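Worksheet: one structure, shown below.
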Amino acid sequence: GSHSESASEVHHYPLAPIPEVTTVGNVQLQVIDENQNFSPKLTHYMKNVWNLGEVGFNYNLVAVFGSQSTGKSTLLNALFSTEFDTMTDFSRQQTTRGLWMSLAKNSNTLVMDVEGVDGRERGEDQDFERKSALFSMAVAQVVLVNLWENQVGLYNGANIGLLKTVFEVNLELFQQKGKGKTLLLFVIRDYLGKVPLSHLSQTLKQDLQKAWAELAKPKGLEGCAITDFFDFMFFGLPHRILLAEDFDEQVQVLGQCFYDSQHPNYVFRPQYHKRIPADGLQRYSESIWEQIVKDKNLDLPTQQQLLAQFRCDEIAAALFDKLAEEFKPHREAADAGVLIEDLGNNFTTLKDKALADFDAQAGRYHAEVYQKKRTGLSNKIDDYFHVYFKSQLSVLSKDALTFFSSHLKNGMCQADYDFVRLTKEATEKAKHDFTAGAAKLSQGFKWSHSKEERDLDRELAEHVASCRRSELAKLEGKLAISALDHFEEDLPSLLSFPQQGMWEEVLMSFAKAAEEASLAMKTRAEAFELSLDEVRSRVADVRVRTWEVLISKIKEEVASDAMLLSKLRQSLEAQFRYDADGLPRVWLPDDDIDVHFKNGKAEALDLLPLLSRIDISSKPVDFQTYFAYAHRNLDFKKSLILASQSRQADLEQRFKRESDALYLEAKRSIVATSAK
Ligand code: GDP
Ligand code: MG
């Protein structure tokens, strides 16, 4: 001041509280102190220091995440003209641990810096790092994830392991789907530019996806994707000291994304805003912090647990690979659909060995993690073998069906085999083999084969049913064919000298044969466990089939025109050329050839209608009821007709012509006799 030249001059100023802060701009507040207490002064800073008291939603909040001494504070200061403490090249400044907040120059953007302790091995420090990261994600729109290029792809080095935990707790504590997102801006430091940024970002994204897939998701969010809650941006920054100019230039470029709302990569998009009015930030963020610190559910894994997770995963993966390798010979056979004796034992042996090895190698790590990973390994092995269990089951059922078929086939070669007993026997044996095989396969595992068993049951039953149908049909055919013996004995003589009353005898022969066949069917019915209804229709079917055999046999006898004509001719000749004693006639001039001829011809022609139609009027069989329950179709009326009307007319013509020759021959013989 210009008034202080003279020491004697005492200026009395009104007594007023000395303002806590005197400069506006790069002043910082320790929002969370080294004892994890939340500052009560945030509202005061918002109003009086940063002039954000009245802005409502019109402010931004950006935070940073990353290992100690990776240049976080340096970056924030360069980007936002803040004055967070940095480690100088000569000495480490005594910076108080905690979360610091400051206002970016010439903007409404609040910037948070985190200050931890060097060295990752201190679990305590990681705890604060995780808590502050969790806090940042819950309140900030943008979290800068600061890492070196050579850390990309190193799971832990790239902080992904830590992020995973943070994601998990974040999801559990603060997230609902569709509530808005946070932007994670990965700043890759000491970026050499040799590897395209797109490759690095690809690697990071894959690591993030992997971590996300592994983390435990709360009820209702089981299927959620990392992209439901986070967006990603990637930026490469050159080495600050070796490429100082490039560094500054790229900081400018990155800065555009924060300052220029028209920029295509503008980071403060509305969807990232947490919608906390400026005057409520104190209460809101304080309660978030309380929740993070006090929530009993917030069981952040310790360093020990993280190590256990990492090592147990490694050990489990190696043991699983070893198991898969040892299973390989069986696998090839199993894939080829071969039934492998003792595969179940192999499953058990290999699994027990893997778990025993796991116990030996991983047993000394954090007990809870070890148990969880052990269960995980056990389940993974189960899943792996389950595929082969399933494929072996299908081999088993195929074998069971094959056995069943051949057993049946052999059994049915026996005469008068008992179908019911045979199929029961075969079914039981097939099922027994299947279940025994399945039990052997799944011993030591809790696998079920009930679906396959049901399928097999169904297939066996279908097989039995279709076999039964075809066997019965075969039997019907066989029985009907055996009637042929009767017909071959009776029919030819009946039909070679056809005469009135002949059909009655034919029908009686049929009735005899059909009854015999019916009886045989009734006798066999027991072996097939036929119901009464079934017996009735099977018997009727046998009769129909016997009838069909009869008809075909008759048709053989009268099939061709020549056969029919020869029967007529035989009749005429018997009448006309032979006398009553069966001696050949010698016509004498006085003989009335015309009358003899006319009578003989008429008698022969009478045979034509007789042979053209089976006459059932004599009724030795009541056909109405005889075929009533048959399943087999039969056009009975049609089956009676042996020669149609037109064929009969035609045959009549031909017969008349042929008989004329006989007549002329007789006439000529008289002429010849008298001419002697
Ligand atoms: P913080 O602990 O993450 O906040 O890191 P600081 O910003 O305090 O910086 C830690 C050290 O890294 C200091 O010695 C800085 O000079 C140095 N540093 C800052 N930026 C860079 C950079 O881009 N590359 C390298 N290699 N060192 C940097
Ligand atoms: Mg720092």
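In listed order, ligands and their atoms are each counted from 1. Everything numeric here is computed off the predicted structure, so don't read it as measured data. Residues: numbered from 1 along the sequence shown.
Residue Glu115 has no nitrogen or oxygen atom sitting less than 3.5 Å from a nitrogen or oxygen atom of ligand 1, judged on distance alone. For ligand 1, none of its N or O atoms has an N or O atom of Asp85 under 3.5 Å away. Polar contact check, Trp148 against ligand 1: no nitrogen or oxygen pair lies under 3.5 Å apart. Polar contact with ligand 1: present for Gly71 (N/O pair, distance under 3.5 Å).
Residues Leu42 and Gln282 come closest through the heavy atom pair N-OE1, 2.9 Å. The two residues Leu323 and Leu350 make their nearest non-hydrogen contact at CD1-O, 3.4 Å. Taking every heavy atom of both residues into account, Phe247 and Arg189 meet most closely at CE1-NH2, 3.9 Å. Of all heavy-atom pairs between Ala308 and Tyr365, the closest is CB-CB, 3.8 Å.
A centroid separation of less than 6.0 Å is found between the aromatic rings of Phe327 and Tyr388.
Geometric assessment of Lys380 against the ring of Phe320 yields a positive cation-pi assignment under the 6.0 Å and 45° thresholds.
Residue contact annotation: Thr86 places no N/O/S atom under 2.8 Å from the Mg ion (ligand 2).
Contacts of Arg189 with ligand 1, taken as heavy-atom pairs under 4.0 Å, involve the side chain alone. Counting heavy atoms closer than 4.0 Å to ligand 1, residue Thr86 contributes atoms from both its backbone and its side chain.
Within the listing of ligand 1, atoms 16 (O), 19 (C), 20 (N), 21 (C), 22 (C), 23 (O), 24 (N) sit less than 4.0 angstrom from a heavy atom of Arg240.
The heavy atom nearest to atom 25 (C) of ligand 1, out of those in Asp190, Leu243, Asn77, is found in Asp190.
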